[in-house]
Undergrad: 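The structure that follows is given in the form of structure tokens.
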Amino acid sequence: KRQVSTQSTWGSEKCVINMIEVYINPDNDNLWEESEEKPDTAENLQQATKLLKEVKDPRRREILEAYTLVASRNKDNLEKALAKFYEVQSNDKTPAPGGGEKTDVPCLVGMSIALQMLKQTPKARNHLKRIAKASYNPDEADDFEKGWLLLADINIAGGKFDVAQELLKKTLQANKSCGRAWEFMGLIYEKEQSYRDAADCYENTWRLMNEADPRIGYKLGFNYLKAKRYVNAIDVCQKVLVNHPNYPKIRKDILEKARLSLRP
């Protein structure tokens, strides 16, 4: 009976943690990225803060608390989050498996995201390199994924496409359904003007996001156009415009050009 009770307690705690994570990042975006349409997060973060009291595991609670500060995108809060991640890391006395120095992936990822948002990319990169070298732990799958994606993003920005691709391959090996990894892979091919390969990657992202994200629809349509796949370009533009009739530029930049290119 005790075991059932413990499992049900953990199950309900896991539900609470999932709810908090949804409040922190409702669209499952890369937290460090500047969003074109910044929704008002205050109400969501208030709800997340209320739910934190129900998380019994102190370490997990403190990490989530730091993420609520990160999600506010406020400079002072980002500094506070950074301090909290450092504190949680310092308080973790569990030994590293097999001895040696322990790599606290959840804290290092949190720090790196905060540092990247504070425009301290070199410091973020140093933490992320440790994650890239760490042995993969399926129990921390989400944290590894975030760390690999952020390091790939930093490398893409620095023109180090080969390094970024290796990280993205690692991400997709762990999770073939990671839409952001496919998106970054598409971005690399697009920058290299390999439009057919880029379109293949963006197709995966578009499908994994249920053909709902107009930004991905635009990227996919653009690469179809460049790859001379005009019918596909028209099709994806029409899907975007059904749900987002005023989505900027897609009609003029892609749809009209694709239609003109089909004319004899």
Side-chain angles (χ1 to χ4, degrees), residues 13-92 103-131 140 142-158 178-181 183-184 187 209 213-216 248:
E13 175 141 327
K14 207 170 180 187
C15 287
V16 171
I17 289 169
N18 288 343
M19 284 170 71
I20 293 168
E21 287 173 340
V22 169
Y23 277 127
I24 289 171
N25 188 8
D27 297 322
N28 200 24
D29 290 329
N30 296 325
L31 267 180
W32 61 88
E33 287 180 346
E34 293 283 338
S35 174
E36 291 165 20
E37 306 164 12
K38 280 187 190 161
D40 183 20
T41 55
E43 196 176 323
N44 275 356
L45 297 181
Q46 276 174 5
Q47 294 297 331
T49 305
K50 278 181 195 169
L51 285 170
L52 282 170
K53 294 169 191 143
E54 294 179 39
V55 179
K56 303 289 184 288
D57 176 355
R59 175 182 155 85
R60 196 82 185 91
R61 186 174 61 245
E62 285 177 11
I63 288 174
L64 287 165
E65 194 181 323
Y67 268 113
T68 61
L69 292 167
V70 168
S72 73
R73 311 188 81 87
N74 170 286
K75 187 175 183 292
D76 290 343
N77 282 348
L78 288 167
E79 299 279 6
K80 283 179 195 165
L82 205 50
K84 188 167 273 296
F85 283 125
Y86 276 118
E87 186 189 338
V88 175
Q89 186 187 36
S90 309
N91 292 339
D92 184 12
T103 306
D104 188 337
V105 174
C107 284
L108 286 172
V109 171
M111 288 177 208
S112 303
I113 291 172
L115 286 163
Q116 180 69 359
M117 290 166 78
L118 287 163
K119 310 283 190 254
Q120 295 179 32
T121 303
K123 285 184 183 175
R125 190 193 290 114
N126 288 339
H127 288 319
L128 293 164
K129 280 180 178 174
R130 286 182 60 196
I131 296 166
E140 295 173 343
D142 287 350
D143 297 298
F144 272 94
E145 187 173 289
K146 278 188 281 200
W148 291 336
L149 286 173
L150 176 49
L151 189 53
D153 197 3
I154 289 169
N155 278 301
I156 292 169
C178 178
R180 296 296 174 199
E183 181 186 350
F184 281 158
L187 179 60
M209 295 184 175
D213 187 335
R215 188 179 57 85
I216 300 301

Undergrad: Only pairs under 3.5 Å count here: list side-chain donor-acceptor contacts from residues 104-112, not counting sequence neighbours, and write none if there are none.
TA:
residue : atom : partner : partner atom : Å
D104    : OD1  : R59     : NH2          : 2.8
D104    : OD1  : C107    : N            : 3.4
D104    : OD2  : R59     : NH1          : 3.0
D104    : OD2  : R59     : NH2          : 3.4
S112    : OG   : L108    : O            : 2.7

Undergrad: Mind jotting down which residue pairs meet the ring-ring contact (aromatic ring centres under 6.0 Å, His included) criterion with at least one end in residues 61-80? Sequence neighbours excluded, please.
TA: Y67-F85

Undergrad: If you round to the nearest 0.5 Å, how far is NZ of K50 from CD of Q47?
TA: 4.5 Å

Undergrad: Start with the C-alpha gap between L51 and Y23, add the side-chain angles, then the distance that decides, and say whether side chain to side chain contact (heavy atoms under 4.5 Å, CB included) holds.
TA: CA-CA 10 Å; L51 285 170; Y23 277 127; 3.7 Å; yes

Undergrad: Assess the residue pair L128 and I154 against the criterion (side chain to side chain contact (heavy atoms under 4.5 Å, CB included)); give the C-alpha distance rounded to whole Å, side-chain angles, the decisive distance to 0.1 Å, and a yes or no.
TA: CA-CA 10 Å; L128 293 164; I154 289 169; 3.8 Å; yes

Undergrad: For T68, check side-chain hydrogen bond (donor to acceptor under 3.5 Å, both in side chains) against everything at least two apart and list the hits.
TA: none

Undergrad: List in chain and number order the residues that pass salt bridge (Lys or Arg N to Asp or Glu O under 4.0 Å) with R180, two or more places apart in sequence or in another chain; answer none if no residue qualifies.
TA: D29, E183

Undergrad: Please check if the number of heavy atoms outside D142 that lie under 6.0 Å from its CG is greater than 12.
TA: no

Undergrad: How long is the span from the CG atom in L78 to the CD atom in Q116, to the nearest 0.5 Å?
TA: 11.5 Å

Undergrad: Using side-chain heavy atoms (C-beta onward) and a distance below 4.5 Å, is L52 in contact with I20?
TA: yes

Undergrad: How would you list, by chain and number, every residue that makes a side chain to side chain contact (heavy atoms under 4.5 Å, CB included) with E21, sequence neighbours excluded?
TA: I17, N18, R60, L64

Undergrad: Can you pull the salt bridge (charged side-chain N to carboxylate O under 4.0 Å, His left out) pairs that have at least one residue in residues 111-127, sequence neighbours excluded?
TA: E34-K119

Undergrad: When you check the gap from the basic side-chain N to the acidic O, do R61 and E65 get nearer than 4.0 Å?
TA: no

Undergrad: How long is the gap from CG on L150 to CZ on F184, to the nearest 0.5 Å?
TA: 8.0 Å

Undergrad: For residues 148-157, pull every pair meeting salt bridge (charged side-chain N to carboxylate O under 4.0 Å, His left out), keeping only residues two or more places apart or in separate chains.
TA: none

Undergrad: Could you pull out all residues at least two apart from L69 that satisfy side chain to side chain contact (heavy atoms under 4.5 Å, CB included)?
TA: N77, K80, A81

Undergrad: Does some side-chain heavy atom of I131 sit less than 4.5 Å from a side-chain heavy atom of L151?
TA: no

Undergrad: List for me each residue that meets salt bridge (Lys or Arg N to Asp or Glu O under 4.0 Å) alongside E87, sequence neighbours excluded, and say none if there are none.
TA: none

Undergrad: Do the non-hydrogen side-chain atoms of L82 and L118 ever get within less than 4.5 Å of each other?
TA: yes

Undergrad: Does V55 reach the side chain of V16, with side-chain heavy atoms less than 4.5 Å apart?
TA: yes

Undergrad: Could you list the residues that satisfy salt bridge (Lys or Arg N to Asp or Glu O under 4.0 Å) with E54, not counting sequence neighbours?
TA: none

Undergrad: What pairs with A181 under side chain to side chain contact (heavy atoms under 4.5 Å, CB included), at least two apart in sequence or on another chain?
TA: L149, L168, T171, L172, C178

Undergrad: Checking E145 now: which residues fulfil salt bridge (Lys or Arg N to Asp or Glu O under 4.0 Å) with it, not counting sequence neighbours?
TA: none

Undergrad: Kindly compute the distance separating NZ (K146) from CG (N25), expressed to the nearest 0.5 Å.
TA: 8.0 Å

